[in-house]
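One structure below.
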Amino acid sequence: MIKGLTAAVVAAVISLPVGAAQIEFSYSKLFTQLKHNNSDTHPDVKVGYFMVKPQTGEVCTITKAWMTKKKHYEEFVIPASQELPLPIDSNLRRVNPDVFIETAGDAFCDVSFQVMAKNAFENEMSVDDVRVLVPQMTAMMQDLGGMFSSWFMPDVEGVSLHFAEPQSSLETSKGRIIDMEGKVAVVRLADLQDDERVLFSQQPIKVTPWIPQS
């Protein structure tokens with residue numbers, strides 16, 4: 001999870017008798033961040049919402065999620081990445097439905113958001129893909145941070161590829177090896193050569209910014 005980009009939502013958590021937890025919040029609480037997904041300045045980047053364990057940042061498994069207002073009810077289809085697929089709709093903001101999320105296990109999970117690529121990458125990512133994403137991710141983070149964020153927020157210098165299963169490494173089209181830490185590989189833009197492609201045998205479940213840690 002990117003430091004400084006986690007938004008915990010104050011909500012009521014209800015313990016369920018079947019080894020699960022349920023959280024409830026209003027749609028309008030998340031619309032402030034969601035609206036940035038429609039910006040023309042970063043068309044290939046979005047904000048994605050997840051349930052995470054505050055102590056570790058580990059993504060929680062969503063077993064069921066739905067939105068309701070009076071007689072209206074809509075259940076969400078949760079992808080493998082465990083992203084909460086909230087629609088972006090100003091009319092929904094006015095109606096302000098209640099959103100319910102159930103997660104596996106009895107651990108407490110918070111709603112958090114993460115900057116990520118909109119498009120999926122099936123079996124490779126080119127240097128041109130990274131060149132497109134890096135400045136747009138920086139712009140999105142500055143938009144989320146507010147008017148003066150560009151003064152103190154470091155620029156994105158690469159991307160992190162998140163996979164469902166751990167791997168030892170990735171290989172590029174130039175024969176270079178990129179080491180992995182568990183399920184995550186860091187691709188630094190400065191390390192990539194012209195026409196170089198990062199190859200992978202399993203599709204990443206999400207692509208997020210990489211910022212060097214000072």
Side-chain angles (χ1 to χ4, degrees), residues 1-6 33-34 36-52 56-62 77-85 88 112-145 149-150 153-214:
M1 191 60 59
I2 304 300
K3 290 185 177 180
L5 284 181
T6 300
Q33 287 76 34
L34 277 176
H36 291 293
N37 289 355
N38 289 335
S39 172
D40 294 334
T41 60
H42 33 69
D44 302 296
V45 173
K46 67 176 182 178
V47 169
Y49 279 95
F50 298 86
M51 301 297 294
V52 302
T56 64
E58 179 184 356
V59 176
C60 301
T61 299
I62 299 175
V77 177
I78 307 300
S81 65
Q82 295 301 307
E83 180 185 357
L84 181 65
I88 309 171
S112 70
F113 67 84
Q114 191 168 47
V115 174
M116 56 193 295
K118 282 185 179 179
N119 298 325
F121 297 88
E122 292 187 4
N123 49 29
E124 66 177 33
M125 173 177 282
S126 69
V127 62
D128 290 334
D129 293 327
V130 182
R131 285 172 177 162
V132 167
L133 290 174
V134 162
Q136 290 191 32
M137 286 177 167
T138 297
M140 171 67 92
M141 292 170 64
Q142 290 175 352
D143 285 352
L144 292 167
S149 62
S150 60
M153 185 176 293
D155 288 342
V156 177
E157 296 187 15
V159 296
S160 296
L161 306 176
H162 301 254
F163 296 91
E165 300 296 333
Q167 302 175 72
S168 58
S169 63
L170 300 178
E171 187 174 352
T172 76
S173 58
K174 303 286 187 180
R176 191 165 55 85
I177 301 300
I178 298 176
D179 292 329
M180 288 187 59
E181 184 175 342
K183 301 177 182 180
V184 180
V186 171
V187 179
R188 299 168 176 83
L189 179 57
D191 293 343
L192 295 175
Q193 303 174 26
D194 288 342
D195 300 324
E196 189 170 15
R197 294 169 290 116
V198 181
L199 312 175
F200 25 86
S201 58
Q202 57 172 302
Q203 182 175 342
I205 57 176
K206 61 182 176 181
V207 179
T208 63
W210 177 75
I211 299 174
Q213 301 298 312
S214 57

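Residue indices begin at 1 and follow the sequence shown. This structure is a prediction, so every number in the text was calculated from the model and none was measured.
Rounding to the nearest 0.5 Å places CD of Q203 at 10.5 Å from OG of S81. In this structure, E157 CD and I211 CD1 are separated by 9.0 Å, a value rounded to the nearest 0.5 Å. Residue T172 holds its OG1 atom at 12.0 Å from CG of D195, rounded to the nearest 0.5 Å. Between the CZ atom of F50 and the NZ atom of K206 there is a distance of 4.0 Å, given to the nearest 0.5 Å. Between M180 atom CE and S160 atom OG the span is 10.0 Å, to the nearest 0.5 Å. Taking CZ of F200 as the start and CD1 of I178 as the end, the distance is 9.5 Å to the nearest 0.5 Å.
Looking at heavy atoms from C-beta onward, P43 lies in side-chain contact with Q136 at the 4.5 angstrom threshold. Annotation: side chain of V115 is not in contact with side chain of K46 (no heavy-atom distance under 4.5 Å). The shortest side-chain heavy-atom distance between V187 and W210 does not fall under the 4.5 Å cut-off. A 4.5 Å side-chain heavy-atom check between Q142 and L144 finds every atom pair outside the cut-off. For the pair Q114/V52, no side-chain contact is recorded, criterion being any heavy-atom separation below 4.5 Å from C-beta on. L189 has its side chain within reach of V127: a pair of non-hydrogen atoms, C-beta onward, lies under 4.5 Å apart. Using a 4.5 Å cut-off on side-chain heavy atoms (C-beta onward), Q167 and S201 make contact.
Remark: A164 pairs with Q202, I205 by the side chain to side chain contact (heavy atoms under 4.5 Å, CB included) rule, at least two apart or across chains. Listed by chain and number, the residues in a salt bridge (charged side-chain N to carboxylate O under 4.0 Å, His left out) with D155 amount to none (sequence neighbours excluded). Checked against side chain to side chain donor-acceptor pair (under 3.5 Å), N37 has no partners two or more places apart in sequence or in another chain.
Considering all non-hydrogen atoms of both residues, H162 and T208 come closest at NE2-OG1, 2.7 Å. A pairwise comparison of heavy atoms in P85 and E83 identifies CD-O, 3.2 Å as the closest pair. The nearest pair of heavy atoms linking V156 to T138 is N-OG1, 3.0 Å.
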Next item on the list: Go through the steps to decide whether V47 and L34 satisfy the test side-chain contact (heavy atoms from CB on, under 4.5 Å), and finish with yes or no.
Entry: CA-CA 6 Å; V47 169; L34 277 176; 5.5 Å; no
Note to self: Before you tell me yes or no, could you show the steps for L161 and M125 under side-chain contact (heavy atoms from CB on, under 4.5 Å), namely the whole-Å CA-CA distance, both residues' side-chain angles and the distance that decides it to 0.1 Å?
What the structure shows: CA-CA 10 Å; L161 306 176; M125 173 177 282; 3.9 Å; yes
Next item on the list: With side-chain hydrogen bond (donor to acceptor under 3.5 Å, both in side chains) as the test, would you mind laying out the steps for Y49 and Q33 before giving the verdict?
Entry: CA-CA 10 Å; Y49 279 95; Q33 287 76 34; 3.1 Å; yes
Next item on the list: Decide yes or no on salt bridge (Lys or Arg N to Asp or Glu O under 4.0 Å) for E171 and R197, but give the supporting numbers first.
Entry: CA-CA 9 Å; E171 187 174 352; R197 294 169 290 116; over 6 Å; no
Next item on the list: Could you walk me through whether N38 and H36 pass the side-chain contact (heavy atoms from CB on, under 4.5 Å) test, one step at a time?
Entry: CA-CA 5 Å; N38 289 335; H36 291 293; over 6 Å; no
Item checked: M51 and Q82: CA distance, side-chain angles, deciding distance, side-chain contact (heavy atoms from CB on, under 4.5 Å) verdict -> CA-CA 8 Å; M51 301 297 294; Q82 295 301 307; over 6 Å; no
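None of D179, L199, V198 except one satisfies the side-chain contact (heavy atoms from CB on, under 4.5 Å) rule with L170; the exception is V198.
Taking a cutoff of 4.0 Å between a charged side-chain nitrogen and a carboxylate oxygen, E196 and K174 do not qualify as a salt bridge.
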